[in-house]
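First up is the structure itself, then whatever we jot down about it.
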Amino acid sequence: MTKSKADEEDYWNSSKFKAFTFDDEDDELIRLKESRQAVNSIQRLVEEDDDEDDVEKVSWSGEPVGSISWSVKETAASNQRTDREPAFPKIPTDTPSLSKSQSGYSLSSLFKGKTKGGNFQSFTDTLSDSSIRLYAPELRKPKSEYKDYVSDWSPEETIQRLQQGKTAPLEKFRSLQDKLLLLDFAVSAHDGNVITAVLIYLKRTLSKEVLFRELESRQTALRHFIHYLTETKDQRLLLELLRALGRTEDVALLQYKEHLSIADENKRRDFLKSCLSLPFSAEDSAHVQDHYTLLERQIIIEATDRQAERGGKVEIFQKFPRRASILNMPLITTLYYCCFYHYSEPEGTYSSPLNIRQAFKISEKQYFVTALAARAKLKAWLDVDALFTSRNWLGFTRKKSPLSFQRVVDVLQKNSAPTQVLQDYVGLVEDPDMRISLAQKHKCHDIVINTYRDMKDRQQLLGYRGKVGRGSAEERKIDELLNNQQIRWKN
Amino acid sequence: MANSARRDSPELPDFSLLKRLARDQLIYLLEQQHEVDKLYKVEYKPVVSTSDQLCFLIRPRIQTFYACEAVLEEQGMFGDVTTDEWAFYLLPLDDDIISLELPEFFRDNFLAGDQRWMRTAGSALHLLHSLYGPFSKVYGIGRYSKMAYESWREQVEQGEQRARQAEIGNVFLIDRDVDFVTPLCSQVVYEGLVDDIFRIKCGCVEFSPDVTASDKSVKVMLNSQDKVFNEIRNEHFSNVFGFLSQKARNLQTAYDKRRGMDIKQMKTFVSEELKGLKQEHRLLSLHIGASESIMKKKTKQDFQELLKTEHSLLEGFEIRECISYIEEHISRQVSMIESLRLLCLLSITENGELSFVTSNYGVDHLLTFSNLRQLGLLVEQQPGETLTVMESRVGKLVNDKTAGKLTDAFSSLAKKSNFRALSRKLNLVPKSDEEYDLRVPRDMAYIFSGAYVPLSCKLIEQVLERDGWTGLEEVTRLLNGNEFAVTAKNDAQRIILVMFLGGCTFSEISALRFLGREKGKHGPNGCSVSH
């Protein structure tokens with residue numbers, strides 16, 4: 001979809017989004033502050049009779065606690081004792097929706113594990129029976145259940161029983177055919193629990209080769225098995241499985257993942273080195289290489305810097321003490337760190353930002369943004385300036401920027417850059433309207449004046465006169481321009 | 001401010017029944033079955049107790065009995081331990097929201113492909129069907145929706161049937177991966193913003209001291225019981241200030257009534273009105289504090305520009321600028337999550353990922369990217385690979401002049417993604433020449449400032465309107481099928497249950513509430529909430 005620039009402007013200025021912008025601070029915030037004041041003024045009136053039983057006690061039922069304390073804090077000697085009377089739950093006799101139910105319906109069927117023969121209590125029965133014991137069926141399976149039906153269930157029936165949460169011995173299925181039937185029925189039942197249960201059994205009673213071979217053609221079962229092995233942390237078997245399936249990249253990633261559990265940085269570095277030969281994809285391989293190289297570097301930098309810091313002689317570490325070690329930090333953070341603490345070092349050192357940029361092939365834009373942020377933080381405005389200059393073959397310098405100038409101004413302003421510094425960059429914003437709005441925001445009067453002059457907009461210039469200091473140089477400048485006969489104003 | 005519901009909207013069923021049932025079941029289990037008299041919280045230290053038996057109530061990572069039992073067996077503890085299941089399935093979070101509270105659902109299903117929760121989903125449906133049904137129509141789309149439906153049907157068949165007056169007649173099941181776009185967009189309705197910034201867990205949120213303007217943080221339940229919250233929760237953030245300031249003024253007036261009251265009037269005032277006013281005052285304070293906090297955070301983060309980028313991506317407009325913004329966002333290292341979110345949004349709407357990302361972040365987030373690829377949230381554009389094969393094949397059939405044009409055509413084809421086509425077919429990005437009034441929203445797009453109607457909600461709207469999938473064949477094709485619609489009987493049931501398998505956003509809930517009010521139906525939402 002292409003729109004012309006004019007359309008663009010219209011598009012964005014169209015009231016579609018005008019309804020609300022988060023930049024409309026002034027108006028909305030003022031209203032909010034007013035509300036806040038109104039509410040606070042009431043505070044005084046309220047305080048007189050303010051009692052603290054408004055403290056929220058959030059139990060998920062939002063209700064008082066029963067004889068078994070819902071609040072576990074109670075046992076842990078909390079200070080929030082609930083003294084409301086224990087509402088030991090009885091079945092409410094006046095539940096509106098339940099009263100709609102006809103006879104014959106029982107709550108018990110909602111609970112898992114029907115008793116044998118479906119001996120249900122109807123709801124109306126339980127109402128008259130005051131004993132709670134009868135209101136839900138036994139949830140523990142009676143021992144009698146195990147006795148009779150040992151070998152009569154087919155694989156399909158077995159799966160059905162498992163789905164319903166009942167016991168059904170799998171051990172009687174010893175042939176491979178039967179086992180696979182079990183598995184296939186489980187898969188078609190879509191129940192992950194049951195699939196996993198069967199897989200646990202198969203893992204125990206089939207050799208790896210046979211199992212892997214059968215899983216290869218059963219994607220759903222395979223996924224469940226992989227997940228099971230992952231959760232039970234059976235790393236060894238999982239790796240074997242992945243290798244058997246030829247999923248070499250997954251093997252590599254899985255082994256690489258181990259690095260997360262190695263705390264000591266030197267051991268981790270050595271481990272990463274050993275990972276380099278793993279069968280990663282080309283792209284991942286490069287990343288792992290970088291990871292190793294980065295950590296290697298960080299170890300060196302950390303050692304040197306910690307010493308320098310302790311020594312107390314290097315100024316920057318005294319002025320801006322390090323808040324954390326650089327070990328295991330991400331790449332860009334490391335770059336920022338080096339731009340901060342090691343900016344002017346010669347390119348040959350490990351901690352030189354330029355060296356890092358080259359070693360890790362960091363893009364110009366990324367480098368620029370990071371260096372800008374670091375130098376701005378240190379208020380090193382000359383360094384900031386130097387980032388923009390470049391020489392062409394004529395020896396001239398031109399300011400160029402991979403980042404839009406608005407963004408640059410934004411970063412500088414967040415670091416409290418003085419107006420003279422900001423001015424330079426505001427002036428470089430190409431779009432006149434954007435330039436004016438930024439200039440006004442940061443009180444760069446000269447830029448506003450010059451821009452209006454360039455745009456030959458007399459009205460605006462006149463309007464702006466009221467915003468500059470009375471009797472100031474800017475005011476005089478405006479007057480001069482306004483009186484200048486040679487300018488062909490457009491309005 | 002609160003949109004008045006149509007007078008003929010049906011009443012919502014009483015979901016507190018679910019809570020009572022669950023609690024009763026637990027009480028029964030603990031007291032009757034296992035004779036528990038004390039509860040301890042499980043921590044990583046040995047339990048000291050005078051009892052000779054210990055009962056542990058845990059939320060297992062592995063839901064299945066079977067895997068748990070296998071572990072116990074391996075550890076040689078099988079006979080010493082009995083296990084039981086407290087199957088409560090559903091937790092009502094509000095009048096019209098029920099949750100399965102299964103944060104693992106998304107990861108297990110969509111990332112690992114493990115279907116362990118499917119039976120639970122079916123059981124939840126079965127429970128609702130038994131208590132509030134029977135259902136007469138079930139619609140759905142997605143692999144897991146289908147499985148949940150089948151599990152439910154099976155359980156119904158195995159259970160008892162009996163007649164009752166149905167309160168919930170229709171059900172709509174939808175997989176999260178049918179619409180990944182919506183959860184990737186920044187939210188701008190009040191509840192959505194509160195969730196994005198403060199994190200709403202299980203219907204509760206914790207506000208830090210700078211919000212509460214005191215020295216401690218406060219945990220608050222956010223639901224329709226909070227009268228202030230209830231009125232602003234679904235509103236676009238721009239409307240919130242106006243409402244709160246009006247409320248504050250009203251409150252002031254109400255308090256001011258105290259002056260000029262005689263003793264008798266004062267007594268009445270204190271006994272009847274004061275408590276309510278104090279309550280309102282407290283809530284108002286909190287929400288004003290929260291709004292201020294939201295405002296501060298968002299202006300600091302340049303939220304406006306982020307929204308602009310998202311809207312552009314949704315519309316397919318000025319993509320170059322969007323990419324450039326994302327690049328800068330990543331370079332500035334503002335927020336990894338946000339950068340990834342934008343990337344995924346770019347990837348889905350434009351069907352391409354860019355290599356610059358991994359070059360900057362790849363070192364640190366190799367595994368994250370691998371997962372995202374697995375989910376289909378990040379798609380690698382293979383520049384030239386499939387394209388050149390096609391080109392060369394076709395190129396051999398035509399002469400030189402047209403080959404060039406064909407290349408262009410193929411390039412544009414390859415870049416098009418299903419989202420764009422879907423967006424056009426369903427009119428997800430409303431075109432309007434007039435102003436979109438957020439104060440009086442005219443369609444569901446208001447939840448994204450008028451820029452985008454959530455795909456999931458639009459699908460639901462269309463299917464309900466058409467009573468099925470007729471006329472939506474092209475749409476379902478673009479969504480990879482797996483749609484279904486089953487009718488038991490044609491009831492004019494107006495309460496609809498929508499179930500998101502994999503979680504839903506507060507924005508979607510707001511949109512559906514809007515839809516419900518519009519059409520005179522109420523939609524309770526059941527979701528497996530995942531964060």
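Contact count versus chain B (heavy atoms, under 4.5 Å) is highest, among A:Arg407, A:Gln219, A:Lys365, for A:Arg407.
Looking at heavy atoms from C-beta onward, A:Asp191 lies out of side-chain contact with B:Met118 at the 4.5 angstrom threshold. At least one side-chain heavy atom of A:Arg223 sits under 4.5 Å from a side-chain heavy atom of B:Gln115.
Contacts between A:Leu162 and chain B at a heavy-atom distance below 4.5 Å involve backbone atoms as well as side-chain atoms. Both the backbone and the side chain of A:Thr333 have a heavy atom closer than 4.5 Å to some heavy atom of chain B. Only the side chain of B:Glu150 comes within contact range of chain A, judged by heavy atoms closer than 4.5 Å. Residue contact with chain A, scored on non-hydrogen atoms closer than 4.5 Å, is absent for B:Gln225.
Separating the OG atom in A:Ser404 from the CD atom in B:Glu321 is a distance of 11.0 Å, to the nearest 0.5 Å. The CD1 atom of A:Ile195 sits 7.5 Å away from the CG atom of B:Asp114 when rounded to the nearest 0.5 Å.
When all heavy atoms of B:Arg116 and A:His224 are compared, the closest pair comes out as N-NE2, 4.5 Å. The minimum heavy-atom distance between A:Gln163 and B:Arg119, with the atom names listed, is O-NE, 2.6 Å.
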